[in-house]
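Worksheet: one structure, shown below.
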Amino acid sequence: MPEGHSIHRLARQFTDVFGGQRVRVSSPQGRFTAGAALLDGREVVGASAHGKQLFVHFGPDGAHHLRVHLGLYGAFDFGGDEHFAGASSIGAPRRIGEREVAGCTPDDGEPAYAGPPPPVGAVRMRMVSDHGWADLRGASACEVLSTEEMRAVRAKLGPDPLAADALVPGAAGRADPEDAAPSSSAGEFARRLGATRTMIGTVLMDQARVAGVGNIYRAEALFRGGIDPWLSANRLAPEQVDALWCDLVALLRAGVRDGRIVTTDEADRPDPASAIWPEQAHYVYQRAGQRCRRCPQTVAVTEVSGRKLYWCPGCQG
DNA sequence: TCTGGATGTCAAC
DNA sequence: TTGACCTCCAGAC
């Protein structure tokens, strides 16, 4: 699934292209018919993300919120006129690599926008404005919530490294020791890690402890921190927790900026001149059996809770 | 044409 | 811990 960075990009895209507009909402597949009827004809106020959860907020009373979780297979496709700048597809990779599919503009020779094409495949939800459209396929969740219900969903989630306050100075005792102001995000991360003996490799995938991290960021952040995935979360040193949080913030922010997950530092890419995607983008993820980029060891893989965990026994021992 | 796999989550056992 | 959910694509046959 797209990890947290993709959902934040989606929220931005929804706000940019649907914000302030009255939209038509339908469910060509038929599995979201009742929800679509609740939203059809309403104005999109904006969109937000918390971890891997996308919320699209509707007016005029602000009491209707569309919640979408893409799950493992979900993806959005966008299309429209010049107001629809940005990615035209965000979500599951569909075997085309993690990178999103860039949108076309009229300058590319595309015909002028004349409404959405007939739905292809299982389109769970279609949203259409005067300028373009969005199709949702394969999501694990697509529902309409009241404000209270939305707050309840968010309350169950851990801190998001992409939250606005993620790097408040002094938040985790790092940036400025003189600043004792508690951080609602970094401090919460440290508190939730310190409260469990569960292995850190499992904790990072638990959305109630940290929201937005998935299998790639889990493996890559632990490698970059030199952290043994089997170490109990509450055994991590405070400076390790602090560094891990800061690295997650940096990695996910880069993912939002670039629209893809690249975790390797330039010095660790054997051929910096070549395109780094996909061969050089990761340290350990999907590199089982290959030599570590930083030591002579071979990258290992083990199944943990049904998901593949990649790590380097040399760097993370 | 069939099968396996994928950046996820939840309920049942 | 396991299986269901659910969609698409690449590779095997």
Side-chain angles (χ1 to χ4, degrees), chain A residues 1-11 27-32 49-54 67-77 87-101 119-126 134-143 145 152-154 156-158 160-162 198-199 201-224 229 248 251-256 258-264 277-278 281-289 301-311:
Chain A
M1 134 159 205
E3 302 194 18
H5 70 296
S6 291
I7 312 308
H8 282 258
R9 284 175 65 84
L10 268 176
S27 179
Q29 179 199 44
R31 293 189 55 197
F32 184 59
H50 188 151
K52 301 171 189 173
Q53 307 273 347
L54 172 71
R67 179 181 81 93
V68 173
H69 193 299
L70 294 179
L72 195 52
Y73 328 110
F76 271 104
D77 293 312
S88 68
S89 179
I90 300 178
R94 308 298 184 214
R95 288 277 184 267
I96 55 174
E98 195 276 339
R99 189 168 201 171
E100 294 160 7
V101 178
V120 176
V123 177
R124 180 83 56 86
M125 184 203 70
R126 165 168 280 187
D135 279 354
L136 171 65
R137 291 181 174 79
S140 68
C142 177
E143 60 180 354
L145 301 179
V153 169
R154 298 182 87 129
K156 292 178 185 169
L157 298 170
D160 185 342
L162 290 171
T198 304
M199 58 183 270
T202 296
V203 169
L204 286 187
M205 295 283 280
D206 181 353
Q207 301 300 298
R209 293 202 168 94
V210 54
V213 176
N215 209 19
I216 299 179
Y217 283 125
R218 180 254 302 255
E220 296 294 305
L222 289 175
F223 174 87
R224 289 166 57 93
L248 286 171
L251 289 175
L252 269 84
R253 283 184 177 178
V256 171
D258 302 335
R260 61 182 183 178
I261 301 176
V262 177
T263 57
T264 46
W277 174 259
H282 307 137
Y283 284 107
V284 290
Y285 179 74
Q286 285 196 334
R287 294 194 67 243
V301 61
T302 306
E303 198 141 310
V304 177
S305 305
R307 308 302 302 281
K308 284 182 176 173
L309 167 63
Y310 299 86
W311 87 105

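Order of the sequence lines sets the chain letters (A, B, ...), proteins ahead of strands, with each chain counted from 1.
- For the P atom pair drawn from C:dA4 and B:dT3, the interatomic distance equals 16 Å after rounding to whole Å.
- The P atoms of B:dA12 and C:dC6 are separated by 15 Å, rounded to the nearest whole Å.
- With sequence neighbours left out, A:M205 forms a side-chain contact (heavy atoms from CB on, under 4.5 Å) with A:N215, A:R218, A:R307.
- Between the CG atom of A:D206 and the P atom of B:dG8 there is a distance of 13 Å, given to the nearest Å.
- Contact annotation for A:Q286: backbone-only contact, meaning every heavy-atom pair under 4.0 Å involves sugar-phosphate atoms and none involves a base.
- In this structure, the CG atom of A:D135 is 14 Å from the C1' atom of C:dT7, given to the nearest Å.
- Residues passing the side-chain hydrogen bond (donor to acceptor under 3.5 Å, both in side chains) test with A:Y283 are A:D268, A:R294, sequence neighbours excluded.
- When the ring-ring contact (aromatic ring centres under 6.0 Å, His included) test is applied to A:Y217, the partners found at least two apart in sequence or on another chain are A:H5.
- Across the P atoms, C:dC5 and B:dC13 are found 14 Å apart, a figure rounded to whole Å.
- Between C:dC8 and B:dC10, the distance separating the two C1' atoms is 22 Å to the nearest Å.
- Look at CD on A:Q207: it is 9 Å from P on B:dC10, rounded to the nearest Å.
- Within the 4.0 Å cut-off from OP1 or OP2 of B:dT9, at least one side-chain nitrogen or oxygen of A:H69 is found.
- Between A:L54 atom CG and B:dT9 atom P the separation is 14 Å, expressed in whole Å.
- Protein atom CD1 of A:I90 is 18 Å distant from nucleotide atom C1' of C:dT7, rounded to whole Å.
- B:dC10 atom P lies 10 Å from atom NZ of A:K52, rounded to whole Å.
- Side chain of A:K52 to main chain of A:V213: a donor-acceptor pair is present (N/O by atom type, distance under 3.5 Å, no hydrogens or angles).
- Applying the side-chain contact (heavy atoms from CB on, under 4.5 Å) rule to A:R67 yields the partners A:Q53, A:F55, A:H69, A:A141, A:E143, A:L145, A:V153; only residues at least two apart in sequence or on another chain are considered.
- Within the nucleic acid shown, A:K308 comes within 4.0 Å of sugar-phosphate atoms alone, with no base atom in reach, counting heavy atoms only.
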Every protein N/O lying under 3.5 Å from an N/O of nucleotides 4-6 of chain C:
{"residue": "C:dC6", "atom": "OP1", "partner": "A:R31", "partner atom": "NH1", "Å": "3.0"}
{"residue": "C:dC6", "atom": "OP1", "partner": "A:R31", "partner atom": "NH2", "Å": "2.4"}
{"residue": "C:dC6", "atom": "O5'", "partner": "A:R31", "partner atom": "NH1", "Å": "3.3"}
{"residue": "C:dC6", "atom": "O2", "partner": "A:Y73", "partner atom": "OH", "Å": "2.6"}

Start with the C-alpha distance between A:D77 and A:R137, add both sets of side-chain angles, then the distance that settles salt bridge (charged side-chain N to carboxylate O under 4.0 Å, His left out), and finish with yes or no.
CA-CA 8 Å; A:D77 293 312; A:R137 291 181 174 79; 2.8 Å; yes

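- The side-chain hydrogen bond (donor to acceptor under 3.5 Å, both in side chains) test applied to A:R31 returns no partner, not counting sequence neighbours.
- A:I216 has its CD1 atom 17 Å from the P atom of B:dG5, to the nearest Å.
- A:Y217 comes within 4.0 angstrom of nothing in the nucleic acid, heavy atoms only.
- Distance CD (A:E3) to C1' (B:dA6): 12 Å, rounded to an integer number of Å.
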